[in-house]
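Take a look at the structure set out below.
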Amino acid sequence: MFRFLVLSRGLEERLEDLLKQGQVVGDLYDGRGQEATVVGSAFALEEGDWLAPSLREMGALLTRGLDPRMLLLQYLAREGSPSAGRDKAHHLTMPHLGLLGPIGPLGAHLCVLNGVALAFRMRGERRVCLTYLGDGASRTGAAHEGLNLAAVQRLPLVVILIHNRWAFATRSDQQAAVADWIDVAAAYGVPAASVDGNDVLHVYDETRRAVDRARRGEGVTLIVAETYRMRGHAQHDAQEYVPEEELHEWRARDPIDLFERYLIDSGFESRPSLAVVKEAVRRELAAAVEEALSAPMPEPEGARFGTVEGEEIPVPWTRREAVYEDVHQPTLRP
Amino acid sequence: MFRFLVLSRGLEERLEDLLKQGQVVGDLYDGRGQEATVVGSAFALEEGDWLAPSLREMGALLTRGLDPRMLLLQYLAREGSPSAGRDKAHHLTMPHLGLLGPIGPLGAHLCVLNGVALAFRMRGERRVCLTYLGDGASRTGAAHEGLNLAAVQRLPLVVILIHNRWAFATRSDQQAAVADWIDVAAAYGVPAASVDGNDVLHVYDETRRAVDRARRGEGVTLIVAETYRMRGHAQHDAQEYVPEEELHEWRARDPIDLFERYLIDSGFESRPSLAVVKEAVRRELAAAVEEALSAPMPEPEGARFGTVEGEEIPVPWTRREAVYEDVHQPTLRP
Amino acid sequence: MNDSTVESVAQNRSPEDQEAEGGTKETTYLEAIREAMWEEMTTDPTVFLLGEDVGTYGGAFKITEGFLDEFGPERIIDTPISEAAIVGAAIGAAHMGFKPIAEMQFIDFIAPAFDMIVNFAAKVRYRTGVGAPLVIRGPCGGGAHAGPFHSQNVESYFANVAGLKMVAPATARDAKGLLRAAIRDPDPVLYFEHKYLYRRIKEQLPIDEEIIVPLGSARTHRPGSDLTIVTYGAMVYKADEAASRISEEDGAELEVVDLRTLRPLDTSTIVESVKRTGRVLIVHEAPRFGGFAGEIASQICEEAFEWLDAPIRRVTALDTPVPFSPPLEEYYLPQTADIVDAARWMLAY
Amino acid sequence: MNDSTVESVAQNRSPEDQEAEGGTKETTYLEAIREAMWEEMTTDPTVFLLGEDVGTYGGAFKITEGFLDEFGPERIIDTPISEAAIVGAAIGAAHMGFKPIAEMQFIDFIAPAFDMIVNFAAKVRYRTGVGAPLVIRGPCGGGAHAGPFHSQNVESYFANVAGLKMVAPATARDAKGLLRAAIRDPDPVLYFEHKYLYRRIKEQLPIDEEIIVPLGSARTHRPGSDLTIVTYGAMVYKADEAASRISEEDGAELEVVDLRTLRPLDTSTIVESVKRTGRVLIVHEAPRFGGFAGEIASQICEEAFEWLDAPIRRVTALDTPVPFSPPLEEYYLPQTADIVDAARWMLAY
Ligand SMILES: Cc1ncc(C[n+]2csc(CCOP(=O)(O)OP(=O)(O)O)c2C)c(N)n1
Ligand SMILES: Cc1ncc(C[n+]2csc(CCOP(=O)(O)OP(=O)(O)O)c2C)c(N)n1
Ligand SMILES: [Mg+2]
Ligand SMILES: [Mg+2]
């Protein structure tokens, strides 16, 4: 668990560097500060379960076994990435890892994950689905419809509502008028729990309970993780709208520091043993970054990937070898 | 109030007859059994307030002053109807009556009514909006987004959630897993109340409180009206799926009978005085039906009403007088 | 077009019908849809259905009456009023190897699921390599005096969206065969069933033969040499009627091509026909501006320009919502007389 | 097309710019949008803005930075992530005489509001006689390596929907003038601003003149006699670049028509141009199949068939989602070389 926390943090740090070097394509939505929420919850799943991230759950993907090298290739938009450069970031669906990729429009992934849960049930498999929903994303119509359908169908689903205080530059109290985000659950008639989202063990325990419940066929649980988005919405966002004291307070509750202290204080680990983990992660990431940087960009023609099975996307007529000779050929009446 | 109950019931009875005679165009979604909910709530509004029905709130429209003759013309799809035959039933927006028409897809009207409420606020007017949402309609993404935006913005809005046990042939417990529909309110952080939807005074009192609150600028209230859909989803639906005992139970609680008994028992009215009201309504409706039946159907060219201001929808080229002479004219190169 | 015409046109339509060796059965368009689902569900346990009121009630048009009893609530799922959630769940189950059929009570209600279809279902194979073999079906079309929200034709909303297939059967045989093919298809298929045809179209369909109509191939509904009408859905019958009238009154023979599948489009059948006739009229029930005819016309321009002896022209509905009142709706919809007049105009050109 | 080309094309583009009597100011496309809203909000108290992060943050692209301070939270409304509710509220306020501007953070997120736009906003005047003067605006288009969900061109989803207007400015002058006209328009207008142009287009715009560009009129971006390119949005610059190259290298003059408004379409400008040049190439950034070019081609067929000396052809993006990685996206998008080659093909025809 500690390893995944550190790995997630480290990978996002590397990505920030790579963005500054112009290597990361597009933008970067990072989840630093929320690692305990996503690692702790993903850790509660078992093999064969499925997980769907929303937009900044790097740690959950790593915990589910996604190779950081794959993520690096995704962010650098390289040929060998899971989507071969056709999509970005965590937008990847990998059935062998039980990962369902979200799409840009928020909330939709929850509806789709319901279908995975339905499939489990139709097959008589006792497997569980877990997904994340931002405080902002929970306001979409899709999230509402999805959560409600799951509740009515008593699907084996655990929803982690990440109350990280912000949705881009909009405060969560401008997203919903609820006094406590746990109230959301009432509208769907599902059990709910609040957890300290910066306490990885607390998150794990509560998620585990919900996962077990789902596995027993008792339906959906909503868990509200109280945490904080420590970085801007994306790298371009200097989050000037965030009060410094708030950041300060939450910085003091850094989830990795907290867990490290806990491990040491409780005698489970020693400072040196944790340093070994950190160093191993550092090295692993350094190697992965190097590898990713040397990976080729996709061939332009990779854009011609079929949108339906077996489809041949034709080369545009203006780019065919024979375009000039073609003149008068294809269209002149004999 | 009694008059509107009886008027609504009578109008829907007439419409059923007219449907059987092949005079009502399309289908008929009727609200018999729910008159107390819609009349009692609409009665709590004042002039200048706005109201938006969902799909079977005839009594509310009448209470707000819509002429039953207009409704008859709408259902018969006649020329003189408010939409001149271009749309049907309660799909009508009439600013002078403060009526906002819904559209076919459920839930959307709530979002639009929010805009009316926003307008009141921007103008500094202390006016109130009231709308209805079926138990089924509340499950749409639009209803969720709309209710949430209204709550966050503390708009002057009252939402009557009509828990009538059915959405078409789907039981309300298959629509949502809530034990009590009042729980829906929690997710939006708005105050809520449950009312006996067949008790017109109870509905009126609670709505009045909510309207006053909204008028004072204290935001949204959700009122769950517990009632029952006494007829099929539409006239074509014989509602064989509805348990006879349930209908029986609710029939014993007919909202008009209940109110009539109350008025008599409490001494406010006498049986003869109420009979006079009923007779007046019967006559009014008989005259209105006759009038409506003699109203002309729209001219076919009425279909060419502009979709944007000042638009001239052209006569199709195949229907122009000159279509044959036109040949070789418009397209031959000079 | 009156009902009896529609029926007689349909009955005489397909030479295949007469050929069937075993027995035949009179089958309505609606029954054909029902049978396609029933048969696929019977033979393939991964096929299931979800939508509003599809179970207990058997669907707003009673197409799935009896399905709940036969297949149980795990495979016939009555959902809340949540089209986005319905389509979403279908996508997820499709990822897992199931073949969901998502019913829209009216196809107009596909609009709240637009994001889910266009951004999730259509793009997922391209983005991730993982397909989504689902069918979204529902009643489309006008003529039933159902007003602006229960009469629409929605194909153009999706015409520009790669990753989707779109089907619009006109006959009972195609309704059945295309739905079976759509269910088996490895990608998302939008299946537009025309409510006006549900009970008006009756055909003798063979009982023993497994009817499957592959997606992507048009059907020459009626051969002709003087002008090609390209159309689909309920308009096939109006085109046919117009062709009969022109044949009788003018002695010219119109070819009627029923597209059946809109995406992928069977360009070669269209182009082959146009090259033979030199004239092409496109007819659809949706409004004109931005309608599906545009794509057809563009492709004909690109591939058969030199063969055109007259401008490509369109007969379509008005550029307005579908009005409610019968006289208005009749004016709004393209009518047989419009097709006759358009054809005459083109033949005289 | 590299950035410096875009800029120089833009700067030399408009003779109107040079004519301005008073002072001028260098204005980016983005600033033009900002100014249009600022000026309309200043002069008309019924104009207000709602959307995600438009207030405190000033919008994802900082277009409305400072608006919250100036106009207050009643008129600059930060909403939850609820596109349907945003558009819905705009419709309701519009009914009441306000002129709302609903911002989609990216135009791709118009999809969850599809029902609200197509079924409510577009149909309400026809159904009820009550109009809805609102603007829905947001950044569209590719070239920014933003992947499949932040790069789309969505005009075709709405092309068949009567009751909507659609605008896609290419220049800063038009960005400003069309937005002002859109805000004043009595009906719903979808305003597609191309994010690739936001900061790359800079023009000298007059300071004193009130720039208003009426909806529904195309602009001849570049006159020519040998072939007409009909296009809009960012493609105007690629078309212009291609025209320059053909002029230099082949000595032929291409006319570039920038549609500016897609619905209602300025057919007469297109037809007039095509009748002069006899050849027409349609260029758009959206995918080919079912794209907006279809409508344009159909109308040209109908109105200028006899004047065509070559088939109408299209240069468009691939029929796929917008891929993320730069080499893929570049391959996906129509490029200047494609336009050059297409034009040469047509000129040689
Ligand atoms: C439907 C939709 N609208 C708008 C956006 C743009 N957007 C991307 S992330 C974001 C904020 C998300 O907030 P939240 O769900 O709380 O997640 P967090 O950023 O806190 O992780 C917004 C508005 C989007 N992706 N989808
Ligand atoms: C988005 C959408 N989906 C489906 C329908 C079809 N439909 C019309 S009414 C109805 C049931 C409505 O139930 P409820 O909201 O509870 O209202 P009630 O019928 O009980 O008055 C359905 C499914 C619709 N109108 N809109
Ligand atoms: Mg958040
Ligand atoms: Mg109900």
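Reminder, nothing fancy here: chain letters follow the sequence lines and each chain counts from 1.
- Of the two parts of Ala137(A), only the backbone, made up of N, CA, C and O, holds a non-hydrogen atom closer than 4.5 Å to a non-hydrogen atom of chain D.
- Identified by a heavy-atom distance below 4.5 Å to chain A, the contributing residues of residues 50-66 of chain D are Asp53(D), Thr56(D), Tyr57(D), Ala60(D), in residue-number order.
- Around CD of Glu244(A), the count of heavy atoms belonging to other residues, nucleotides or ligands within 6.0 Å exceeds 12.
- Residues Pro300(A) and Tyr332(D) have side chains not in contact (no heavy-atom distance under 4.5 Å, counting atoms from C-beta outward).
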> Stepwise, does the side chain to side chain contact (heavy atoms under 4.5 Å, CB included) test hold for Asp338(D) with Arg319(A)?
Replying inline: CA-CA 7 Å; Asp338(D) 294 304; Arg319(A) 294 179 200 166; 2.7 Å; yes
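- The contact between Thr307(A) and chain D is made entirely by side chain atoms (from C-beta outward), counting heavy-atom distances below 4.5 Å.
- Judged by distance alone, the side chain of Trp317(A) and the main-chain N or O of Ala342(D) form no donor-acceptor pair under 3.5 Å.
- Atom CZ of Arg69(A) is surrounded by 12 or fewer heavy atoms from other residues, nucleotides or ligands within 6.0 Å.
- For a residue to count as touching a neighbouring chain, one of its non-hydrogen atoms must lie under 4.5 Å from one of that chain's; by this rule Ile103(A) touches chain D with backbone and side chain alike.
- In this structure, chain D has a heavy atom under 4.5 Å from the side chain of His91(A), while its backbone stays farther away.
- At a 4.5 Å heavy-atom cutoff, Ile110(D) makes no contact with chain A through either its backbone or its side chain.
- Contact annotation for residues 69-91 of chain D against chain A (heavy-atom separation below 4.5 Å, listed by residue number): Asp78(D), Thr79(D), Pro80(D), Ile81(D), Ser82(D).
- At most 12 non-hydrogen atoms from other residues, nucleotides or ligands lie less than 6.0 angstrom from CD of Glu299(A).
- There is no contact between Glu79(A) and chain D, counting heavy-atom distances below 4.5 Å.
- Interface summary for chain D: among Arg139(A), Lys88(A), Arg78(A), the most heavy-atom pairs under 4.5 angstrom belong to Lys88(A).
- Between the side chains of Thr318(A) and Asp341(D), no donor-acceptor pair is found at a separation under 3.5 Å.
- No part of Ala234(A) comes within reach of chain D, as not one of its non-hydrogen atoms sits under 4.5 angstrom from that chain.
- Between the CZ atom in Phe324(D) and the CZ atom in Arg86(A) there is a gap of 13.0 Å [rounded to 0.5 Å].
- Listed by chain and residue number, Tyr29(A), Phe168(A) satisfy the ring-ring contact (aromatic ring centres under 6.0 Å, His included) test with His233(A) (two or more places apart in sequence, or in another chain).
- Close approach to chain A, defined as a heavy atom under 4.5 Å from one of its heavy atoms, is seen in His145(D), Ala146(D), Pro148(D), Phe149(D) of residues 142-149 of chain D, taken by number.
- In this structure, Thr140(A) OG1 and Phe109(D) CZ are separated by 11.5 Å, a value rounded to the nearest 0.5 Å.
- More than 12 heavy atoms of other shown residues, nucleotides or ligands fall within 6.0 angstrom of atom CD in Glu249(D).
- At a 4.5 Å heavy-atom cutoff, Asp135(A) makes no contact with chain D through either its backbone or its side chain.
- For Gln239(A), the CD atom is densely surrounded, since the number of other residues' heavy atoms within 6.0 Å is greater than 12.
- Under a 3.5 Å cut-off, the side chain of Ser325(D) and the backbone N or O of Ala77(A) do form a donor-acceptor pair.
- Within the model, atoms CD1 of Ile313(A) and CZ of Arg288(D) stand 12.0 Å from one another, a figure rounded to the nearest 0.5 Å.
- In plain terms, the two heavy atoms of Ala303(A) and Thr320(D) that are nearest each other are O-CG2, 3.8 Å.
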